[in-house]
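Scope of the values below: all heavy atoms of this structure, side chains included, with no hydrogens, waters or symmetry mates.
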Amino acid sequence: MAKKRTSLASEEALRRTRLIAPLLAADTWFALRARATLHAANDVVSEDRFNRPSPFGDTFNVTQNSLALTVALALARLFDVSDPERFPIEQQDKASIPVLAHLLKREDVQESLAKDARKWHPQLVDQI
């Protein structure tokens, strides 16, 4: 017999949405900066003066590999989701894009966030 899945309460869905969004923003920003650093380092190493053996070559390779691994782990964390058949996405307590996307699809979460957004510019409330 299949388990009956209970829906997340509106308050809990909104709480999770508000917690997940800034965590994802920080992880995304970190991954973008690390990737940009890798590209900048590759540009420097590609210059003519580094087309020969260099004393810092091994250090650069270790740093480059570490940054590449860090970017891969950050991306994996951003898209982390368990098997939805065993653990419904809505019930997963993870800061990942699939979980946030699922929560943002809920009408109650959308309505609450829209209501909160109206406070950003109270002078525009009458125009909405």
Side-chain angles (χ1 to χ4, degrees):
M1 181 184 223
K3 285 189 213 177
K4 184 176 182 202
R5 304 224 164 125
T6 58
S7 182
L8 209 55
S10 290
E11 296 81 23
E12 180 61 14
L14 188 61
R15 184 189 74 80
R16 288 184 185 194
T17 301
R18 288 183 174 143
L19 286 174
I20 291 172
L23 294 172
L24 286 178
D27 283 349
T28 302
W29 182 239
F30 176 79
L32 289 171
R33 288 186 314 181
R35 186 169 185 266
T37 301
L38 280 171
H39 280 290
N42 283 336
D43 290 344
V44 168
V45 170
S46 296
E47 293 176 4
D48 285 338
R49 61 186 171 151
F50 293 110
N51 284 339
R52 61 188 183 284
S54 171
F56 81 94
D58 189 46
T59 303
F60 175 78
N61 286 336
V62 169
T63 304
Q64 184 180 32
N65 290 338
S66 297
L67 269 175
L69 180 59
T70 302
V71 170
L73 289 172
L75 287 173
R77 198 170 46 247
L78 286 172
F79 293 98
D80 186 23
V81 68
S82 298
D83 179 14
E85 293 299 316
R86 293 188 62 205
F87 308 101
I89 291 179
E90 188 172 89
Q91 301 291 331
Q92 295 183 28
D93 194 17
K94 296 180 178 187
S96 72
I97 291 172
V99 174
L100 181 62
H102 184 82
L103 292 170
L104 289 173
K105 287 180 184 177
R106 289 178 50 139
E107 283 188 36
D108 56 343
V109 171
Q110 291 175 15
E111 288 172 9
S112 183
L113 292 174
K115 180 182 168 191
D116 289 348
R118 286 188 188 98
K119 297 174 189 167
W120 296 347
H121 295 286
Q123 68 275 17
L124 299 178
V125 171
D126 294 336
Q127 298 175 14
I128 297 175

Q) Transitively linked via ILVMFWY side-chain contacts under 4.5 Å: Ile89 with Phe79? A)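 Ile89 clusters together with Phe79.
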Q) Which atom pair, heavy atoms only, marks the closest approach of Ala95 to Ile20? A)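 Nearest pair, atom of Ala95 first, then Ile20: CA-CG2, 3.9 Å.
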Pair up each side-chain donor or acceptor in residues 65-78 with any protein partner under 3.5 Å, not counting sequence neighbours, and list the distances.
unit_1	atom_1	unit_2	atom_2	d
Asn65	ND2	Asn61	O	3.3
Ser66	OG	Val62	O	2.9
Thr70	OG1	Ser66	O	2.8
Arg77	NE	Asp27	OD2	3.2

Q) With sequence neighbours left out, what residues match Glu111 under salt bridge (charged side-chain N to carboxylate O under 4.0 Å, His left out)? A)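 Partners of Glu111 under the salt bridge (charged side-chain N to carboxylate O under 4.0 Å, His left out) test: none.
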(Q) Under the rule for side chain to side chain contact (heavy atoms under 4.5 Å, CB included), what residues qualify as partners of Thr17, not counting sequence neighbours? (A)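 Result, side chain to side chain contact (heavy atoms under 4.5 Å, CB included) vs Thr17: Leu100, Leu103, Leu104, Val109, Leu113.
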Side-chain polar contacts of residues 28-38 - donor-acceptor pairs under 3.5 angstrom, sequence neighbours left out - could you list them?
unit_1	atom_1	unit_2	atom_2	d
Thr28	OG1	Leu24	O	2.7
Thr37	OG1	Arg33	O	2.8

Q: Mark yes or no for whether Gln92, through its side chain, and Ser82, through its backbone, hold a donor-acceptor pair below 3.5 Å.
A: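 Side chain of Gln92 to backbone of Ser82: a pair is present.
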Q.
Working to the nearest 0.5 angstrom, can you tell me the gap between Ser112 OG and Arg15 CZ?
A.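 Reported to 0.5 Å precision, the distance equals 14.0 Å.
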Q) Out of curiosity, Arg16 CZ to Gln91 CD, how far, rounded to the nearest 0.5 Å? A)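 Rounded to the nearest 0.5 Å, the CZ-CD separation comes out at 6.5 Å.
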**Q.** Partner set under side chain to side chain donor-acceptor pair (under 3.5 Å) for Gln110, not counting sequence neighbours
**A.**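 Side chain to side chain donor-acceptor pair (under 3.5 Å) check on Gln110 returns nothing, list empty.
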Q | Qualifying salt bridge (charged side-chain N to carboxylate O under 4.0 Å, His left out) pairs, either residue in residues 94-108, two or more places apart | A |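 Salt bridge (charged side-chain N to carboxylate O under 4.0 Å, His left out) check on residues 94-108 returns Asp80-Lys94, Glu90-Arg106, Arg106-Asp108.
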